[in-house]
Amino acid sequence: FFVPAVPGLVAAGVPQLKLIAGAMVASSSQAAVSWLYYANRLYELPLGVISIAMASVLVSAIAASVRSGNSAAAQSRGIEIAIGLALPSAVGFAVLAEPIAAALFERGAFGPRDTAAVAAALAAICAGLPGHALEKVFGAVSFAHEDTRTPMLAALVGLASAVIGSLALFPRYGHVGVAAAIAISGWVGAMILGTILQRRGWLRLDRDAARRLPRIVLAAAVMGLSILAALALLAPLFNASGSLARMAVLVVLIATGLVTYLASLDVLG
């Protein structure tokens with residue numbers, strides 16, 4: 001039990017290690033560590049939800065499909081779910097980074113400068129959310145084949161890329177460079193693991209996935225445009241309001257995006 005469990009545990013814990021490593025690199029600036037902390041807390045909300053979904057459902061579903069010899073459908077649905085959750089979350093964070101930071105945190109000693117800094121880090125790190133989500137799906141595929149070592153190695157390569165990227169980008173771009181390095185590392189880990197699984201013949205997509213995935217991307221883009229339009233209309237009200245009113249405006253913006261995204265998915269089939 002423990003021989004396959006330990007590598008799986010390491011692979012699951014690497015995203016947390018990336019955040020710790022990024023904070024260590026940025027530790028020369030106390031403010032940078034705080035800004036990264038706030039951005040990371042927001043980033044981990046959708047990442048945690050997706051991770052729980054992957055761990056709770058996909059591993060067992062894909063394992064059953066592997067044993068039955070029909071794994072393409074389960075894998076395809078898993079990738080659709082991961083992208084369908086992660087991509088709109090990333091787009092929403094990118095578009096609403098500043099309103100989210102302002103509504104949730106801007107009070108007391110947390111001023112407009114802090115809001116802008118947290119928003120910049122959130123916008124940078126959210127670009128890696130789909131990559132981290134795909135890495136979870138690919139990990140589930142590997143786990144279903146009783147291989148926990150390969151996801152661990154891919155995750156460790158991603159961790160190394162996060163550390164190297166943080167060291168390279170922090171001197172010039174500060175905490176935003178660290179957030180960008182963490183985002184890039186998600187795609188690095190996903191690409192490495194996906195390539196290995198593809199070469200082994202373990203990763204397969206069906207025709208429905210090839211049809212649906214581009215439509216999910218389009219629906220997320222439509223959602224992003226709708227939020228931008230709503231933000232342009234409500235920005236004067238948001239900027240002139242207090243904390244509770246800002247939170248209400250933020251809820252309206254998020255609801256607008258959610259309704260638009262779901263409607264777009266339905267219209268696109």
Q. Does any N or O in the side chain of Trp35 come within less than 3.5 Å of the main-chain N or O of Ala120, such that one atom is a donor and the other an acceptor?
A. no
Q: Locate the shortest heavy-atom distance separating Val91 from Ala220; write the atom from each residue and the value.
A: CG1-O, 3.8 Å
**Q.** From Ile79 atom CD1 to Leu205 atom CG, the distance as rounded to the nearest 0.5 Å
**A.** 4.5 Å
Q. Got a donor-acceptor contact below 3.5 angstrom from the Ser142 side chain to the Asp147 backbone?
A. yes
Q | Straight-line distance of Leu156 CG to Ile192 CD1, nearest 0.5 Å | A | 10.5 Å
Q) Is there a donor-acceptor pair under 3.5 Å between the side chain of Ser166 and the backbone N or O of Gly22? A) no
Q. Can you name the closest pair of heavy atoms from Ala119 and Ala97 and give their distance?
A. O-CB, 3.4 Å
Q: Taking all non-hydrogen atoms of both residues into account, name the closest pair between Thr115 and Glu106 and its distance.
A: OG1-OE1, 2.6 Å
Q: Please name the pair of heavy atoms, one in Ser226 and one in Met223, separated by the smallest distance, quoted to 0.1 Å.
A: OG-O, 2.6 Å
**Q.** Leu218 side, atom CG; Leu213 side, atom CG - distance, nearest 0.5 Å
**A.** 12.5 Å
Q: To the nearest 0.5 Å, tell me how far Ser185 OG sits from His132 NE2.
A: 4.0 Å
Q) At what distance, to the nearest 0.5 angstrom, does CD of Glu80 lie from CG of Leu85? A) 11.5 Å
Q: Go through the structure and list residues passing side-chain contact (heavy atoms from CB on, under 4.5 Å) with Ile100, not counting sequence neighbours.
A: Leu42, Phe93, Leu96, Leu104, Leu250
(Q) Pair Gln75, Val137 - check side-chain contact (heavy atoms from CB on, under 4.5 Å), show working. (A) CA-CA 8 Å; Gln75 293 177 20; Val137 179; 5.9 Å; no
Q: Supply the atom-to-atom distance Leu233 CG to Phe238 CZ, rounded to the nearest 0.5 angstrom.
A: 15.0 Å
Q) Just wondering, do Asp208 and Ser76 contact through their side chains at under 4.5 Å, heavy atoms? A) no
Q | For Leu129 against Ala86, the heavy-atom pair lying closest together | A | CD2-O, 3.6 Å
Q) Which pairs count as ring pair (Phe, Tyr, Trp, His ring centres under 6.0 Å) when at least one residue sits in residues 190-217, sequence neighbours excluded? A) His145-Trp202
Q: Can you see which heavy atom on Trp187 is nearest to which on Pro130, and at what distance?
A: CZ2-CB, 3.6 Å
Q.
Please check this pair: side chain of His175 against backbone of Ala117, looking for a donor-acceptor N/O pair closer than 3.5 Å.
A. yes
(Q) Which residues pass the side chain to side chain donor-acceptor pair (under 3.5 Å) test with Ser65, not counting sequence neighbours? (A) none
Q. Mind checking whether Phe110 and Tyr38 have parallel, tilted or perpendicular rings, split at 30° and 60°?
A. perpendicular
